[in-house]
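Indexing begins at 1, ligand by ligand and atom by atom, following the structure's order.
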Amino acid sequence: MEGYRKVEILSNEQLTSDMFLMKVALKDLPEPGQFYMLRGWEGVPYLPRPFSVCDADGEVMSFLYQKIGKGTAMMTTFKPGDHIHVLGPLGKGYPLHQGPSALVGGGVGIAPLLYLARKLEGPVDVFLGFREEVFFLEEFKPFVRNIHVSTENGSYGHKGFVTELLTDDYNTTYACGNMLMMKAVKERIHSPLYLSLEAHMACGIGACLGCSHKTKHGQQCICKDGPVFNSEEVLFD
Ligand SMILES: Cc1cc2nc3c(=O)[nH]c(=O)nc-3n(C[C@H](O)[C@H](O)[C@H](O)COP(=O)(O)OP(=O)(O)OC[C@H]3O[C@@H](n4cnc5c(N)ncnc54)[C@H](O)[C@@H]3O)c2cc1C
Ligand code: FES
């Protein structure tokens, strides 16, 4: 595992039925939107998994993750004092622009937005979309002006999709979520917009070409050329 570092897990807390927050002892200060390949297991699943930096203060780094398959199920079993292997920081993060910003996240896509909110200087409004269970609102409060929330079942905030709440009157909009959501945000926002894209990743460093996405400049690797792209560059089917 060349380039991987062994780091200690400090905590691994369950937030909702499937969301967890893991803190590790890692002194890096990456750019908001950058990610790490994480591996804390031997054998199946063989590949490491990519996770965005949720927060970092130069001593402790947090990863917000959703239990979705084999790797993330294994992550839920990690205890304080256990060790994982990390490769990073990887990829290109969000550029930090002046002036009012909107941060838009869907589900676990809110993960990189907390660290971004802490780094931006202008007034920041966040737009957070959830299926049913709402999480992480308190964490955003100290760093943002307004929090707009939607749930698909209407159990909290606006009933529907968070993109329905979004207005195009910010200097810059930053978004992270699934491809359908990124496409919907791009259709709605015509001012400067940065999208963090997702893909299955095997290497995380541009070597396997497994994470390519169509852009104005041809196919690009989400891991190396992204995961954050200027929306003008990204093409959707
Ligand atoms: C740059 C980047 C940053 C990410 N940041 C985070 C984060 O901060 N927190 C977080 O919880 N997740 C994040 N993800 C997604 C995360 O990497 C996957 O959820 C994880 O790899 C799943 O591993 P698994 O072994 O549990 O699931 P698997 O057993 O590999 O898959 C379970 C199911 O999830 C689907 N799936 C797996 N990975 C993806 C993906 N990348 N996109 C869409 N569907 C997928 C599979 O198709 C399958 O249906 C990020 C992905 C990328 C590319
Ligand atoms: S994950 Fe291998 S090239 Fe992107």
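Within the listing of ligand 1, atoms 8 (O) sit less than 4.0 angstrom from a heavy atom of A111. Counting atoms of ligand 1 from 1 in the listed order, those under 4.0 Å from a heavy atom of Y65 are 9 (N), 10 (C), 11 (O). Atoms of ligand 1 found under 4.0 Å from any heavy atom of T72, numbered from 1 in the order shown, are 24 (P), 25 (O), 26 (O). Contact atoms of ligand 1 toward G71: 24 (P), 25 (O), 26 (O) (distance under 4.0 Å to a heavy atom of the residue). Proximity to V108 (heavy-atom distance under 4.0 Å) selects the following atoms of ligand 1: 9 (N), 10 (C), 11 (O).
Counting heavy atoms closer than 4.0 Å to ligand 1, residue L64 contributes backbone atoms (N, CA, C, O) but none from C-beta onward. At a 4.0 Å heavy-atom cut-off, ligand 1 does not touch K67 at all.
Side-chain atoms of V86 and V24, non-hydrogen and from C-beta on, never get closer than 4.5 Å to each other. Contact check for K186 versus F236: side-chain heavy atoms found under the 4.5 Å cut-off. Looking at heavy atoms from C-beta onward, T172 lies out of side-chain contact with Y94 at the 4.5 angstrom threshold.
Salt bridge status for R145 with D125: present, with a side-chain N to carboxylate O gap under 4.0 Å. A salt bridge is defined here as a Lys NZ or Arg NE, NH1 or NH2 lying under 4.0 Å from an Asp or Glu carboxylate O, and R5 with D28 meets this definition.
Relative ring orientation between Y65 and F51 is described as perpendicular, the plane-to-plane angle rising above 60° on a 0-90° scale split at 30° and 60°. H97 and Y174 have perpendicular rings, their planes meeting at more than 60° on a 0 to 90° scale where under 30° would count as parallel.
Not a single donor-acceptor pair under 3.5 Å links the side chain of E139 to the backbone N or O of L114. Between the side chain of E233 and the backbone N or O of N230, no donor-acceptor pair lies under 3.5 Å. At least one donor-acceptor pair closer than 3.5 Å links the side chain of Q14 to the backbone N or O of T16.
What you find for D168 and I189 is that their closest heavy atoms are OD1-CG2, 3.6 Å. Closest non-hydrogen pair, L10 versus P80, comes out as O-CB, 3.4 Å.
More than 12 heavy atoms of other shown residues, nucleotides or ligands fall within 6.0 angstrom of atom CZ in F143.
Comparing heavy-atom distances from atom 25 (O) of ligand 1 across E198, R49, M37 singles out R49 as nearest. For the residues M19, M75, Q66, the heavy atom positioned nearest atom 11 (O) of ligand 1 is part of Q66.
Polar contact with ligand 1: absent for P227 (N/O pair, distance under 3.5 Å). On a distance-only criterion, P50 and ligand 1 share at least one N/O pair closer than 3.5 Å. At a 3.5 angstrom cut-off on N or O pairs, A199 counts as close to ligand 1. For ligand 1, none of its N or O atoms has an N or O atom of I68 under 3.5 Å away.
Near atom 2 (Fe) of ligand 2, less than 2.8 Å away, sit the protein N, O or S atoms C203 SG, C208 SG.
Residue contacts with ligand 1 include F51, since one of its heavy atoms falls under 4.0 Å from the ligand.
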